[in-house]
There are 2 protein chains.
Amino acid sequence: MQLTFSPVPKLTTSSTAAQDYLEQIHRLIGSKGYARVADIAAALEIAPASVTAMIQRLDAEGLVVYEKYRGVVLTKDGREIAEEVVKRHEVLASLLRSFGLDEATIYQDVEGMEHHISKATLRVLTTIVEELEANPKLLARLRERL
Amino acid sequence: MQLTFSPVPKLTTSSTAAQDYLEQIHRLIGSKGYARVADIAAALEIAPASVTAMIQRLDAEGLVVYEKYRGVVLTKDGREIAEEVVKRHEVLASLLRSFGLDEATIYQDVEGMEHHISKATLRVLTTIVEELEANPKLLARLRERL
DNA sequence: TGTCATGTTTAGATGCAACTAACTTTTTCG
DNA sequence: CGAAAAAGTTAGTTGCATCTAAACATGACA
């Protein structure tokens, strides 16, 4: 008997660019209910043509469902990746925000760092954020030192 | 009278790849006294030909001095960039190491994140690391929670 | 000192992710 | 309803960072 293998997502799409698209598509669907090419392009500050190219690739990899001229929807796999990226984003952003960094710096650093955080590192950062939230004295003391 | 401008480093070389080269060249010079193409290639796990291409670019940008077949040396500008990258690397690594992450994870995450850390974020992370070093009770408590 | 192994460079190709310009489809509204 | 505007797509180009294969330089040593 021939064994069949479950279609493991083919992680070609660990590219940080692809993750950025998935993240934005997820955010747009969350806030507006749908994700149009023009909105994705605006959010990522790139040309619409580039968005078309990428969502075709993401569709081929099974992370979104794309219908020409109709817009795009996340698959389960795509949503899972998007949610992980968002989670990492949130943790990093709240850490930096708790120390009072300006939003522009937060945006830039988080955008750069978020793709490279493993599960293990995410747990470390989450723990730190939780402690600082639970322990405002500590946070205040550390902020002093900046 | 014609004004002359001081040669601001031309930050084309904010590319993360370029930073990786500068960091490794710096490390090699630090440990062996010199940086050969083959060693850089081995450290970065890329082909020697790719190293040649990059150090030519870094030379053109004034970050290294490159003499064909002779090896490479950092300029002041190049060394400054390399030292910043190393500093960010060290802070991130010691944070993760203090929480007991395995070296492989540390290496991977740090390698990815280090290029995207601004001065401000570096200060935040440094402060956290210092506090954990000064306050082992806190560290122990947080490690419990992982 | 000439030869050869090792190390380095050049030339040319590839993949990714962006771009612009031109074309097509969809939507809006008079 | 149909024409103009808006949105989306295709085709072709670019820059970066990598690769392989082949040519070339350097240094060791027989």
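Atoms considered below: every heavy atom in the structure, side chains included; atoms not considered: hydrogens, waters and symmetry mates. Chain A is the first sequence line, chain B the second, and so forth, proteins listed ahead of strands; every chain is numbered from 1.
Mapping A:T16 and B:D39 onto DNA chain C via the closest heavy atom, the residue that lands nearer the 5' end is B:D39.
With D:dT18, C:dA18, D:dG8 as the candidates, the nucleotide lying closest to the side chain of A:T52 is D:dG8. Comparing atom distances between the B:Y21 side chain and each of C:dT8, D:dG8, D:dT18 picks out D:dT18 as nearest. Closest to the side chain of A:Q56, out of C:dT9, D:dT10, D:dT18, is D:dT10. Relative to the side chain of A:P48, the nucleotides C:dT9, C:dA18, D:dT9 differ in distance, and D:dT9 lies closest. Between C:dA18, C:dT9, D:dC19, one nucleotide has an atom nearer to the side chain of B:A47 than all others, and that is D:dC19. Each of D:dG8, C:dT9, D:dA11 was ranked by its minimum atom distance to the side chain of A:Y69; first place goes to D:dG8.
In this structure, A:R36 places its CZ atom 6 Å from P of D:dA7, rounding to the nearest Å. A:L58 places its CG atom 13 Å from the C1' atom of C:dC16, with the value rounded to the nearest Å. Atom CD in A:E67 sits about 11 Å away from atom P in D:dT9, given to the nearest Å. At whole-Å resolution of the value, CD1 in A:I46 and P in D:dT14 are 20 Å apart. Atom pair B:R70:CZ and C:dT8:P shows a separation of 11 Å (rounding to whole Å applied). A:K68 places its NZ atom 10 Å from the P atom of C:dT26, with the value rounded to the nearest Å. Atom pair A:M54:CE and C:dC16:C1' shows a separation of 8 Å (rounding to whole Å applied). Rounded to whole angstrom, the span from the CD1 atom of B:I55 across to the P atom of D:dC16 amounts to 18 Å.
Remark: of the listed residues A:H115, A:Q108, A:M113, A:H115 is the sole one forming a side chain to side chain contact (heavy atoms under 4.5 Å, CB included) with A:E111.
Using a 4.5 Å heavy-atom threshold, the side chains of B:E84 and B:E114 count as separate.
Taking CZ from B:R97 and CD1 from B:I106, the interatomic distance works out to 5.0 Å, rounded to the nearest 0.5 Å. A distance of 12.0 Å separates CD1 in B:I25 from OH in B:Y66, rounded to the nearest 0.5 Å.
Note on B:A38: only backbone sugar-phosphate atoms sit closer than 4.0 angstrom, heavy atoms only; bases stay farther off.
The pair B:K76-B:E80 counts as a salt bridge, with a side-chain nitrogen and a carboxylate oxygen less than 4.0 angstrom apart.
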